[in-house]
Number of protein chains: 2
Amino acid sequence: MIGFKDLEQKLKDNGYKTTKQRRAILQVLYENVQRFISAEDIYNKTKEKFNTTNFSTVYRNLEILERLGIIHKTNIEDGISVYELICHREHHHHIICKKCGKTEIIDFCPFENIEHILDDKGFEATEHKFEVYGYCSKCKSDV
Amino acid sequence: MIGFKDLEQKLKDNGYKTTKQRRAILQVLYENVQRFISAEDIYNKTKEKFNTTNFSTVYRNLEILERLGIIHKTNIEDGISVYELICHREHHHHIICKKCGKTEIIDFCPFENIEHILDDKGFEATEHKFEVYGYCSKCKSDV
DNA sequence: ATGGCTGCAAACGTTTTGCACTTTT
DNA sequence: AAAAGTGCAAAACGTTTGCAGCCAT
């Protein structure tokens with residue numbers, strides 16, 4: 001597991017300054033480990049911590065964090081992107097609760113099962129996506 | 001494999017009228033079987049066939065076609081949706097070429113491998129996505 | 001004091017909508 | 001004749017950008 005200090009350090013190491021807004025965004029992400037949250041949610045929660053924060057600032061920082069490999073961006077539903085702190089170093093996939101947004105890591109990657117298929121086809125894979133959507137044990141009772 | 005007539009019939013059966021625009025959109029999708037294309041591409045190609053077609057008409061029809069299970073919608077890249085005719089009845093996954101948009105079916109579904117994991121967690125899965133992106137044999141040489 | 005960082009407002013690209021008109025049935 | 005479908009223009013949506021001023025270093 002990665003600590004909050006590590007995150008701030010990684011930013012510093014890469015020449016980024018420590019601003020109040022940036023720290024607040026990082027805190028929000030840190031408090032939502034294992035949960036995909038939207039830019040809007042991040043913006044709102046960041047505002048609670050430090051009320052002069054702007055959408056541009058949020059997006060600009062999310063872009064930096066993604067570039068540094070600190071967060072992971074995906075499109076769960078049409079059009080909207082969601083973000084999550086990367087707290088595990090290994091490649092992995094997710095189970096995602098459509099109600100509360102909670103994610104869990106699946107300890108299985110289907111890629112190795114199809115590598116030979118891709119080789120046969122002469123297909124050069126660059127990325128793959130495996131995600132399971134549904135309702136977690138907590139949420140499935142009250143759907 | 002599904003024929004073009006079957007598609008028109010399915011629309012009729014569900015109470016949708018056969019208009020020139022709708023037929024042109026359907027034709028474009030039919031000519032691009034096994035290829036994800038964007039709404040913009042569909043719009044342009046539809047215009048070639050029948051030049052009074054509008055973006056609203058394209059989007060409205062794509063929505064209907066998706067609801068009827070005739071096409072499949074995904075987000076390959078940020079923000080833009082791509083569409084593909086569903087021409088196989090069985091559940092399956094895709095290999096997608098990022099250059100030409102060509103898709104191929106992967107004869108493997110990872111879901112069964114993780115069912116027991118989900119059961120253990122008490123997670124109720126409703127959907128899953130497994131997609132492999134990269135470059136097909138034709139495109140990989142000229143990237 | 002320099003550079004990066006921010007807030008603001010305006011622009012962006014994709015998609016959706018309201019409404020008057022047209023077409024299919 | 002009725003219902004559904006269309007085109008148009010305008011709006012909505014999430015996201016990005018240019019710029020002037022601000023703040024961390």
Side-chain angles (χ1 to χ4, degrees), chain A residues 7-28 36-47 49-68 70-84 101, chain B residues 7-28 36-68 70-83 101:
Chain A
L7 299 176
E8 292 207 306
Q9 195 54 48
K10 187 154 188 176
L11 281 167
K12 268 187 193 157
D13 292 349
N14 285 80
Y16 293 101
K17 293 179 178 170
T18 308
T19 64
K20 286 156 192 154
Q21 293 87 341
R22 186 164 284 160
R23 176 176 285 141
I25 292 166
L26 222 42
Q27 268 173 25
V28 169
F36 276 118
I37 51 174
S38 63
E40 195 184 353
D41 287 351
I42 295 169
Y43 168 72
N44 288 326
K45 286 173 202 270
T46 303
K47 263 203 129 150
K49 295 198 183 306
F50 184 72
N51 88 338
T52 57
T53 301
N54 194 273
F55 253 116
S56 326
T57 306
V58 170
Y59 278 113
R60 278 192 272 237
N61 277 295
L62 289 174
E63 203 206 314
I64 292 168
L65 295 172
E66 203 201 354
R67 210 167 43 232
L68 293 183
I70 292 174
I71 60 171
H72 169 216
K73 178 183 182 183
T74 323
N75 304 70
I76 292 203
E77 284 175 279
D78 289 356
I80 89 146
S81 295
V82 288
Y83 305 83
E84 186 198 38
Chain B
L7 298 176
E8 292 208 307
Q9 194 56 49
K10 186 154 188 177
L11 281 166
K12 268 186 193 157
D13 292 349
N14 285 79
Y16 293 102
K17 295 177 178 170
T18 308
T19 64
K20 286 159 192 152
Q21 293 86 343
R22 186 164 284 160
R23 175 175 287 141
I25 292 166
L26 222 40
Q27 268 174 25
V28 169
F36 275 115
I37 52 175
S38 64
E40 195 184 352
D41 286 351
I42 294 168
Y43 168 71
N44 288 326
K45 287 174 203 271
T46 303
K47 264 203 129 153
E48 288 169 21
K49 294 198 183 307
F50 183 71
N51 87 336
T52 57
T53 303
N54 196 273
F55 252 116
S56 326
T57 305
V58 170
Y59 278 112
R60 279 192 274 238
N61 277 295
L62 290 174
E63 202 206 316
I64 292 168
L65 295 172
E66 202 201 354
R67 210 167 44 233
L68 293 183
I70 292 176
I71 60 170
H72 169 216
K73 179 182 180 181
T74 325
N75 303 71
I76 293 204
E77 283 176 279
D78 289 356
I80 89 147
S81 295
V82 288
Y83 305 84

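Please read these numbers as outputs of a predicted model, since none were measured by experiment. Within every chain, numbering begins at 1; the chains are lettered A, B, ... in the order of the sequence lines, protein sequences first and strands thereafter.
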Spacing of A/L26 atom CG relative to C/dC5 atom C1', expressed in whole Å | 15 Å
For B/R22 and C/dT24, give me the distance from atom CZ to atom C1', rounded to whole Å.
-> 10 Å
Partners passing side-chain hydrogen bond (donor to acceptor under 3.5 Å, both in side chains) against A/R60 (at least two apart in sequence or in another chain) | none
By side-chain hydrogen bond (donor to acceptor under 3.5 Å, both in side chains), A/E66 pairs with (sequence neighbours left out) none
Under the side-chain hydrogen bond (donor to acceptor under 3.5 Å, both in side chains) test, residues paired with A/N54 that sit two or more places apart = A/S56
How many Å lie between CZ on B/R67 and P on C/dT16, as a whole number?
-> 12 Å
Taking only the side-chain nitrogens and oxygens of B/Q21, find out if one of them lies under 4.0 Å from OP1 or OP2 of C/dT23.
-> no
State the CG-OG1 distance between B/N61 and B/T53, to the nearest 0.5 angstrom.
-> 9.5 Å
Letter per nucleotide, 5' to 3', of nucleotides 15-25 of chain D [B base touched, S only sugar-phosphate touched, - untouched; heavy atoms, 4.0 Å] = BBBB-----BS
Nearest atoms (heavy-atom pairs only) where B/S38 meets B/I80 | CB-CD1, 4.0 Å
Value in whole Å for how far the C1' atom of D/dG5 lies from CG of B/L62 = 15 Å
What is the distance from OH of A/Y43 to C1' of C/dT6, rounded to the nearest Å?
-> 13 Å
A/K45 atom NZ, over 12 foreign heavy atoms within 6.0 Å | no
With A/E40, which residues qualify under side-chain hydrogen bond (donor to acceptor under 3.5 Å, both in side chains), at least two apart?
-> none
D/dT6 C1' sits how many Å from B/I64 CD1, rounded?
-> 11 Å
NZ/A/K12 to CG/A/N14 distance, rounded to the nearest 0.5 angstrom?
-> 13.0 Å
In residues 45-53 of chain B, what residues come within less than 4.0 Å of DNA chain C, judged by heavy atoms?
-> none
Reported CZ-to-NZ distance for the pair B/F55 and B/K47, which is rounded to 0.5 angstrom = 9.0 Å
Between A/N75 and D/dG14, is there a side-chain N or O to OP1/OP2 distance below 4.0 Å?
-> no
Rounded to the nearest Å, what distance is computed from the CG atom of residue B/L11 to the C1' atom of nucleotide C/dT25?
-> 15 Å
